[in-house]
2 protein chains.
Amino acid sequence: MAVFDLLGRRWAQRVIWELREGQPTFRALRERCGNPSPSVLNTRLAELREAGVVETVEGGGYRLTEDGRRLLEALLPLHAWAERWAKRVSPG
Amino acid sequence: MAVFDLLGRRWAQRVIWELREGQPTFRALRERCGNPSPSVLNTRLAELREAGVVETVEGGGYRLTEDGRRLLEALLPLHAWAERWAKRVSPG
DNA sequence: CCGCTGTGCTACGATTTTCGTAGCAGAGCG
DNA sequence: CGCTCTGCTACGAAAATCGTAGCACAGCGG
């Protein structure tokens, strides 16, 4: 179950989620994620790049690979569940 | 994005996955997950119980709630992606 | 009553991960 | 040369996790 090793780390899923559109820079991505420390973000990005789901953009910025976009789609049901769950936990 | 807070912690997703069938005891669950330290497992179980996705069984053991089972279903696409990905990363 | 076994779970020092802040090297531009 | 952006590193402090040991309780056989 290597996926839990890749995606079970802090910020990993969040990074993929925040890369769902655009090609944010390192700093912009960091801000979108809620300002994790740059060292961790860099480590995650390195892991995700090595896993082939994230890639750098010529001239700066990051984006999902084709594989990454498939992973993002696989995260959609989880997100749908999360929204229903959030409403149930703290309605309003 | 509270779901990343709940499921972005180590072992959280794994615990849910390993509860997909049966009602394993604390120790059995721990073994299935690959022996995380009991303190972390207990913390995760407490968080998941508070979130309402895991519950204890009368007479011992743990299982998913109805909500937990829905969450498990939301994890299936992620798992399907993971299997394809694992084959691509290390074929054979 | 005693011991054996299994249950959930706690304690605690060691290790690993993450945090938070500061700053570096390089590129582009005036 | 200086300003601003880029990705990224350094480093001490804090938090999370590890690994091992063991506690309290319950059931059951003798």
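Order of the sequence lines fixes the chain letters, A, B, ..., with proteins taken first and strands second; residue numbering starts at 1 for each chain.
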Residues 45-52 of chain A side chain polar contacts: donor-acceptor under 3.5 Å, at least two apart:
{"unit_1": "A:E47", "atom_1": "OE1", "unit_2": "A:R44", "atom_2": "NH1", "d": "3.2"}
{"unit_1": "A:E47", "atom_1": "OE2", "unit_2": "A:R44", "atom_2": "NH1", "d": "3.2"}
{"unit_1": "A:R49", "atom_1": "NE", "unit_2": "A:L45", "atom_2": "O", "d": "3.3"}

Rounded distance (Å) that lies between atom [atom2] of [N] and atom [atom1] of [X]:
X     : N      : atom1 : atom2 : value
B:R14 : D:dT17 : CZ    : P     : 15 Å
B:F26 : D:dC25 : CZ    : C1'   : 16 Å
B:D5  : C:dT18 : CG    : P     : 14 Å
A:L29 : D:dG7  : CG    : P     : 9 Å

Whichever of A:G60 and A:R10 has its nearest DNA chain D nucleotide further upstream toward 5':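 That would be A:G60.
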When you get a sec, tell me which of [options] is the closest nucleotide to the side chain of [X]?
X     : options                : value
B:R27 : D:dT17, D:dG7, C:dG8   : C:dG8
A:R30 : C:dT21, D:dT17, C:dG20 : C:dT21
A:W11 : D:dT17, C:dT18, C:dG8  : C:dT18

Separation of A:F4 CZ from B:L78 CG (nearest 0.5 Å):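 If I round to the nearest 0.5 Å, the distance is 7.0 Å.
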Sugar-phosphate only, base, or nothing, as touched by A:G59 at under 4.0 Å among non-hydrogen atoms: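 Nothing, no heavy atom under 4.0 Å.
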Whether the side chain of [X] engages the backbone of [Y] through a donor-acceptor N/O pair (distance < 3.5 Å, no angle test) should be reported.
X     : Y     : answer
B:R20 : B:W17 : yes
A:R14 : A:R10 : no
A:R63 : A:L19 : no

First encountered from the 5' end of DNA chain C, between B:G61 and A:N35: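 Of the two residues, B:G61 wins.
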Selection: residues 38-52 of chain B, any non-hydrogen atom under 4.0 Å of DNA chain D: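 Per residue number, the list reads B:P38, B:S39, B:V40, B:R44.
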C:dT7 OP1/OP2 closer than 4.0 Å to side-chain N/O of B:T25: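 Checking C:dT7 against B:T25, a side-chain N or O does come within under 4.0 Å of OP1 or OP2.
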Residues B:R88 and A:D67 bridged, charged N to O under 4.0 Å: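 Looking at B:R88 and A:D67, the cut-off is met.
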Presence of salt bridge, A:R70 and A:E66, under 4.0 angstrom: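 Yes, charged N to carboxylate O under 4.0 Å.
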